[in-house]
Q: 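The following block contains the structure, expressed as structure tokens.
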Amino acid sequence: MNVTPKDLKQVDVFQHAPDDDLDLILQNSITRSIEESGFFFMQGDEANYLYVLTSGQVKLMQSNPNGQQVNLRTIYPWQMFGALGAVRTDNATYPVSAQTYEDSTALAVPSLFLRSMLDTRPYLSFGLMNLMNSYIQELQVRYRELATEKVEQRVANALIRLAGQAGTRSEKEAAIELSLSRQDVAEMTGTTLYTVSRLLSEWERQGIIKTGRERIAVIKPHELVRIADGAA
């Protein structure tokens, strides 16, 4: 797809950018397409590019030395990710890996190029600051959930959040479709695959959701809200 300045206006960081700046960004960027389960970058790689997702879905995940993974954030079209190299003056590396849920395409903007624009474009500094602030707020919510909520509440909250952000209406049934696996849910809620499988199987038996390969359909979102609120 040919990205236009109008397309880039959908990106929060660029919403106040003049068209001339957006043209300049496009001229200095490249398009990268990654197949399902591939990586735009790996944790520890040099942060030479920041990305704007134009199609698909990407999960930002972090691993510990034992190989355990946690899904920190899911990226949807017209969201920016991997921007650390543009805001740090030293040799920055990506603190997370960016893996695709499905075939995905992104605009890759050189970190050094965008950093060179920051001195004379205050809107970029404010936009990047707001982006980082949104990351912090989301992590605070996730930490609160881990510290204070039961696992079934965390899983229900995760499904509700994803349904609102990227769910699609099913043409076959009255449901909201989510493209993710049970392992993905376990990684984003800080629990085990066994626990998530047990919960989803029970909710499917109750008719709240329906599962398939790399797919969860939310049939009764109001029931998930009750579980998230601790009322179930």
Side-chain angles (χ1 to χ4, degrees), residues 3 5 7-18 20-35 37-54 56-101 104-144 146-147 187-188 190:
V3 180
D7 292 327
L8 285 186
K9 286 281 190 180
Q10 301 176 70
V11 182
D12 287 345
V13 174
F14 297 144
Q15 62 180 336
H16 299 299
D20 287 348
D21 280 1
L22 296 176
D23 281 329
L24 191 61
I25 290 168
L26 289 172
Q27 291 166 16
N28 285 273
S29 304
I30 59 174
T31 298
R32 289 193 63 195
S33 295
I34 305 294
E35 294 182 349
S37 298
F39 291 85
F40 279 102
F41 52 80
M42 299 290 291
Q43 181 177 333
D45 288 349
E46 292 186 9
N48 294 326
Y49 291 91
L50 59 94
Y51 294 86
V52 173
L53 192 66
T54 58
Q57 291 185 45
V58 172
K59 59 179 175 180
L60 303 184
M61 58 185 186
Q62 195 169 73
S63 302
N64 68 13
N66 295 325
Q68 294 176 309
Q69 295 181 162
V70 59
N71 183 337
L72 297 175
R73 189 179 179 92
T74 302
I75 302 297
Y76 306 104
W78 307 113
Q79 290 185 333
M80 181 183 289
F81 62 103
L84 187 64
V87 297
R88 287 184 53 173
T89 56
D90 55 350
N91 295 323
T93 59
Y94 296 114
V96 297
S97 297
Q99 185 178 26
T100 61
Y101 279 117
S104 302
T105 300
L107 191 70
V109 184
S111 298
L112 287 176
F113 169 73
L114 197 72
R115 190 189 305 163
S116 71
M117 298 180 69
L118 291 177
D119 291 339
T120 55
R121 277 84 167 180
Y123 72 84
L124 280 177
S125 297
F126 282 111
L128 286 169
M129 182 175 65
N130 287 334
L131 177 66
M132 300 304 173
N133 186 54
S134 70
Y135 281 10
I136 291 170
Q137 289 180 331
E138 185 169 332
L139 287 174
Q140 287 174 333
V141 170
R142 296 273 294 277
Y143 179 78
R144 176 184 56 76
L146 282 169
E187 290 174 0
M188 66 179 61

Q: Is there a side-chain contact between N130 and D12 (heavy atoms, below 4.5 Å)?
A: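 SC-SC contact between N130 and D12 ruled out.
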
Q: What I'd like to find out is whether the side chain of P77 reaches to under 4.5 Å of the side chain of L53, using heavy atoms alone.
A: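 Heavy-atom side-chain distance check passes, below 4.5 Å.
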
Q: With side chain to side chain contact (heavy atoms under 4.5 Å, CB included) as the criterion, how do Y51 and V58 come out once you've worked through the C-alpha distance, each side chain's angles and the decisive distance to 0.1 Å?
A: CA-CA 11 Å; Y51 294 86; V58 172; over 6 Å; no

Q: Would you check if F14 and W78 make a side-chain contact, meaning some heavy-atom pair closer than 4.5 Å?
A: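 When only atoms from C-beta onward are counted, W78 and F14 do not touch, as no gap falls below 4.5 Å.
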
Q: For L128 and M80, run side chain to side chain contact (heavy atoms under 4.5 Å, CB included): C-alpha distance rounded to whole Å, both residues' side-chain angles, the deciding distance at 0.1 Å, then the answer.
A: CA-CA 9 Å; L128 286 169; M80 181 183 289; 3.9 Å; yes

Q: Is there side-chain contact between L26 and L8, with at least one heavy-atom pair below 4.5 Å?
A: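 Result yes, sub-4.5 Å side-chain heavy-atom pair found.
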
Q: Quick one: side chain to side chain contact (heavy atoms under 4.5 Å, CB included) partners of D23, sequence neighbours excluded?
A: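 For D23 the side chain to side chain contact (heavy atoms under 4.5 Å, CB included) partners, ignoring immediate neighbours, are P5, Q27.
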
Q: Restricting to side chain to side chain contact (heavy atoms under 4.5 Å, CB included), what partner residues turn up for M129, sequence neighbours left out?
A: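 Per chain and number, M129 pairs via side chain to side chain contact (heavy atoms under 4.5 Å, CB included) with F126.
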
Q: Can you name the residues that form a side chain to side chain donor-acceptor pair (under 3.5 Å) with Y123, not counting sequence neighbours?
A: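 Here the qualifying residues are D21.
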
Q: For atom CG of N91, is the number of surrounding heavy atoms from other residues, nucleotides or ligands below 6.0 Å larger than 12?
A: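 Result for CG/N91: open.
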
Q: Taking atom OG1 of T93 and atom CG of L84, what is their separation to the nearest 0.5 Å?
A: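 These two atoms lie 7.5 Å from each other.
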
Q: Name each donor-acceptor pair under 3.5 Å that joins a side chain in residues 104-118 to protein atoms two or more places apart or in another chain, with its distance.
A:
residue, atom, partner, partner atom, Å
S104, OG, Q57, N, 3.3
S104, OG, Q57, O, 3.4
S104, OG, E102, O, 2.7
T105, OG1, S33, OG, 3.0
S111, OG, A47, O, 2.9
S111, OG, N48, O, 3.2
S111, OG, Y49, N, 3.3
R115, NE, G85, O, 3.4
R115, NE, R88, O, 3.4
R115, NH2, G85, O, 2.5
R115, NH2, R88, O, 2.7
S116, OG, F113, O, 2.5

Q: I'd like to check the side chain to side chain contact (heavy atoms under 4.5 Å, CB included) partners of Q99; sequence neighbours left out, ordered by chain and number.
A: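 Applying side chain to side chain contact (heavy atoms under 4.5 Å, CB included) to Q99 gives S37, F39, K59, M61.
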
Q: Not counting sequence neighbours, which residues clear salt bridge (Lys or Arg N to Asp or Glu O under 4.0 Å) with E138? List them please.
A: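 So E138 forms a salt bridge (Lys or Arg N to Asp or Glu O under 4.0 Å) with R73.
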
Q: Between the side chain of Q62 and the main-chain N/O of P95, is any donor-acceptor distance below 3.5 Å?
A: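 Yes, because the side chain of Q62 sits within donor-acceptor range (under 3.5 Å) of the backbone of P95.
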
Q: Hey, could you give me each pair passing salt bridge (Lys or Arg N to Asp or Glu O under 4.0 Å) that has a residue in residues 127-136? Not counting sequence neighbours.
A: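 Salt bridge (Lys or Arg N to Asp or Glu O under 4.0 Å) check on residues 127-136 returns no pairs.
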
Q: Rounded to the nearest 0.5 Å, how far apart are CZ of F40 and CG of D45?
A: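 Output value for this atom pair is 13.5 Å.
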
Q: Working to the nearest 0.5 angstrom, can you tell me the gap between L131 CG and L50 CG?
A: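 Between atom CG of L131 and atom CG of L50 there are 9.5 Å.
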
Q: Mind checking the CD-CD spacing from Q10 to Q15? Nearest 0.5 Å is all I need.
A: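 So the CD of Q10 and the CD of Q15 are separated by 11.5 Å.
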
Q: So how far is it from L60 CG to Y135 OH, rounded to the nearest 0.5 Å?
A: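 Here the rounded value is 6.0 Å.
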
Q: What residues, two or more places apart in sequence or in another chain, satisfy side chain to side chain contact (heavy atoms under 4.5 Å, CB included) together with Q140?
A: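 Listed in chain order: I136, Q137.
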
Q: Can you list everything that forms a ring pair (Phe, Tyr, Trp, His ring centres under 6.0 Å) with Y94? Sequence neighbours excluded, please.
A: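 Scan of Y94 (ring pair (Phe, Tyr, Trp, His ring centres under 6.0 Å), adjacent residues dropped) gives F41.
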
Q: Atom CD of Q43 and atom OG of S97: how far apart are they, to the nearest 0.5 Å?
A: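 It comes to 5.0 Å.
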
Q: Can you sort out the partners of Q69 under side chain to side chain donor-acceptor pair (under 3.5 Å), two or more places apart, ordered by chain and number?
A: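 Side chain to side chain donor-acceptor pair (under 3.5 Å) check on Q69 returns E187.
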
